[in-house]
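The structure appears below as structure tokens.
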Amino acid sequence: MSVHVAPLKTYIYVFLALMFFTVLTVGVAFVNFAHHAPKGIGNVLNDAVAMSIALTKAVLVVAFFMHVKGSTKITPVVIWGTLIFMVILFVFTGADYLTRPMTTFVPVMSQ
Amino acid sequence: MTSQHESAPALPEKHYLSGAWSPQDWLLTKDHKRIGILYLVGISIFFALGGLMAVLIRMELATPSGDLMPADVYNRVFTMHGVLMVFFFLIPSIPAVLGNFLLPIMIGAKDLAFPKINLLSWYIYMIGGAMTFYGLLVGGIDTGWTFYTPLSSGYATGPVLTVAVGVFIAGFSSILTGLNFIVTIHRMRAPGLTWFRLPLFVWGHYATSIIQILGTPVVAITILLVGAERLFHIGVFDPKIGGDPILFQHLFWFYSHPAVYIMILPSMGVVSEIIAAFSRKKVFGYKFVAFASIGIAVLGFLVWGHHMFTSGQSLYAGAVFSFITMLVAVPSAIKVFNWTATLYKGAIAWDTPLLYALGFIGLFTIGGLTGVMLGTLGFDLHVHDTYFVVAHFHYVMVGGAILGFLGGLHYWWPKITGKLYNEFWSKISAGIIFIGFNLTFFPQFILGYLGMPRRYHSYPEEFQVLNILSSAGASILGIGFVIPVIYLLASLANKRYAGNNPWGAVGLEWQIPSPPPTENFETPPVVTDEPYTYPQPDEKEAPVGV
């Protein structure tokens, strides 16, 4: 199996991009998006922005530093397969949380 | 055994056992066959320890009062029984022993893709096992094998962390074995060995490996979080400090339900091989059986919530999990029906491996059908945490996984050792195990249905008759497990050589000497035939496929 090796220039660009996103992560930590969003989704927005940056960085690392870009077809299949199973774990567990009654149950003593 | 009298077989001059025998030669070996033997020794030790715990459990339950041991000791005994049997025997049994030994040979390879990682996985397994055994020696734990929080993370006494870390470490052995198998199957198949020419044993191990790689890291992280909560009191699972105990159950069962299929899928692969060999027929609906393995592996990841119907999980989530659980029955049933159809009008040879395979089909069917009952929301509420559940999972794990393992061990023992075992005693012990197993666990279905809860060391007197039946069955089962140890070890000393192919079976492993040479094949094989091409009545000889 031949291993695709990208030019050094590519790795430098990717590294610089990762540094940029790291600085961006720190920067947006000082911004409270809750002030700029409709009531109730402010905190969600903070999380969404931070996670989007982290996800972008993860994609760069996996694609370039882990050589998934340019590898054989089976590698992306493995990556996507793993992600799908992770989504299954999150979605099914989340479905329980979203539909679970969260009120406190107080048992009533029978007479 | 069909051809043992046709000629006078002898051991080959050079084989994997004829090399050097110093401890160093075994402990540093990279030969998949020797590593398989190392695993066989390891799982046998843990099976004996787990079995000893089972003896103590059944002795205690012979009388209604808790007179043999106090409740907290009983809790430790059944926990250690579960931990040792599940993580250190059932999960590695077929993949790490038979899979390690046979998978490369079955696909025409010299070894697994990563021989050093294969040896590393054995060391990891033994280190994990040693830590768990140490936990047992210093008092054991009382969390149950499920480590449910907040009991395990905040309240249980004893070396919970030690045992949890032991299980955590052993998990990496499982991941490495799965990784090795997947790469080997993808990259090292012999020329001509297409995916649909693979033995179903290999398909079963491929599906198992997917689960090992995808599921095991989740339980490893979960156990790590339990340790972190115990040590640093971060709120993950304990509601008192902001955690959620049901989250633990989600994460634990995301792995541990598919883990049942880690135990059963390789066993199904073994049964497919045995049924074909002893009915002298192609496996009926080969592709359906192969894809059913993958189907079980995938669907097995979607049903974990059926272990949590009474946990406080959302009713809506429970209903969805209940529905998907019904779907898992479909690929499982495909296998059972297709094995039965394979036997139909076959030239049946009633040798010991087939007895185990037939035992597997019967017991797994009972285990599977009671699983469908338990997957039904309403019924599960009635029998949850009763002996009905205990009986169900023992029908799947012991009736399924262990009978499959014993069937496979008897089928390939002549290949592994080059020797034939005592056929009379092997059939007797297969019968004893079948009777002992049913006598042990069938009464537990009734006990559970009547309301006897699991994990208590005492019970009302009206349950005693059924409990005595169960304890008597366990004694018979124990004898049934000891007999094979005696005649299999005795076979090593006799001079009844197996020859290359004592069963007259097809498949690459039967075309090489017994025991196999270190490099498996003198010349790389080329596969030209479909799998299981047994000669039909109008043909004379089996095509060898090489």
Side-chain angles (χ1 to χ4, degrees), chain A residues 1-5 29 34 40 42-44 46-48 50-51 54-55 57-59 61-63 65-110, chain B residues 113 175 178-179 182-183 185-188 195 207 209-219 221-222 239 244-258 294 297-309 311-325:
Chain A
M1 185 178 67
S2 64
V3 179
H4 177 83
V5 180
N43 288 333
V44 177
N46 283 332
D47 293 341
M51 290 303 290
L55 195 66
K57 289 166 72 181
V59 168
V61 170
V62 170
F65 288 155
M66 293 173 74
H67 295 179
V68 170
K69 192 175 183 300
S71 67
T72 54
K73 286 179 184 170
I74 194 75
T75 310
V77 169
V78 171
I79 305 269
W80 282 110
T82 311
L83 282 174
I84 287 168
F85 276 90
M86 200 177 76
V87 168
I88 288 170
L89 172 65
F90 282 30
V91 166
F92 276 54
T93 306
D96 168 34
Y97 277 80
L98 290 175
T99 58
R100 196 192 299 169
M102 291 297 180
T103 50
T104 308
F105 175 70
V106 181
V108 178
M109 299 299 290
S110 58
Chain B
I175 294 169
L179 181 74
I182 285 183
V183 176
I185 294 167
H186 271 273
R187 308 291 306 175
M188 297 176 70
W195 281 91
S209 303
I210 291 173
I211 302 173
Q212 286 175 313
I213 290 180
L214 288 174
T216 315
V218 177
V219 80
I221 292 164
T222 310
D244 176 16
I246 299 178
L247 175 62
F248 174 87
Q249 296 191 29
H250 276 297
L251 296 174
F252 179 82
W253 288 114
F254 180 79
Y255 163 77
S256 292
H257 185 77
I294 305 297
V298 173
L299 286 173
F301 273 104
L302 306 177
V303 299
W304 77 84
H306 67 214
H307 294 269
M308 301 163 55
F309 288 154
S311 67
Q313 173 187 243
S314 149
L315 183 64
Y316 303 105
V320 172
F321 280 123
S322 180
F323 173 74
I324 304 174
T325 300

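Chain A is the first sequence line, chain B the second, and so forth, proteins listed ahead of strands; every chain is numbered from 1. Just the heavy atoms: all of them, side chains too, but no hydrogens, waters or symmetry mates, feed the values below.
Looking at B:Leu302, both its backbone and its side chain come within 4.5 Å of chain A, counting heavy atoms on both sides. Heavy atoms closer than 4.5 Å to chain A are found in both the backbone and the side chain of B:Phe301. Residue B:Ile210 does not touch chain A at all, counting heavy-atom pairs closer than 4.5 Å.
Atom CD1 of B:Ile246 is separated from atom OG1 of A:Thr93 by 11.5 Å, given to the nearest 0.5 angstrom.
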| task | Assess whether side chain to side chain contact (heavy atoms under 4.5 Å, CB included) is satisfied between B:Phe321 and A:Phe92, documenting all intermediate values. | result | CA-CA 9 Å; B:Phe321 280 123; A:Phe92 276 54; 3.2 Å; yes

| said: Quick one, A:Ile88 with B:Trp304, criterion side chain to side chain contact (heavy atoms under 4.5 Å, CB included). Give me CA distance, side-chain angles, the key distance, then yes/no. | reply: CA-CA 11 Å; A:Ile88 288 170; B:Trp304 77 84; 4.2 Å; yes

| task | Please lay out, stage by stage, how A:Tyr97 and B:Leu247 fare under the test side chain to side chain contact (heavy atoms under 4.5 Å, CB included). | result | CA-CA 9 Å; A:Tyr97 277 80; B:Leu247 175 62; 3.2 Å; yes

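Within 6.0 Å of CZ in A:Phe65 there are more than 12 heavy atoms belonging to other residues, nucleotides or ligands.
Of the listed residues (B:Val320, B:Asp244, B:Val298), the one with the most heavy-atom contacts under 4.5 Å to chain A is B:Asp244. Ranked by heavy-atom pairs shorter than 4.5 Å toward chain A, the options B:Met308, B:His186, B:Gln313 are led by B:Gln313.
Within residues 77-86 of chain A, the residues having any heavy atom under 4.5 Å from a heavy atom of chain B are, by residue number, A:Thr82, A:Phe85.
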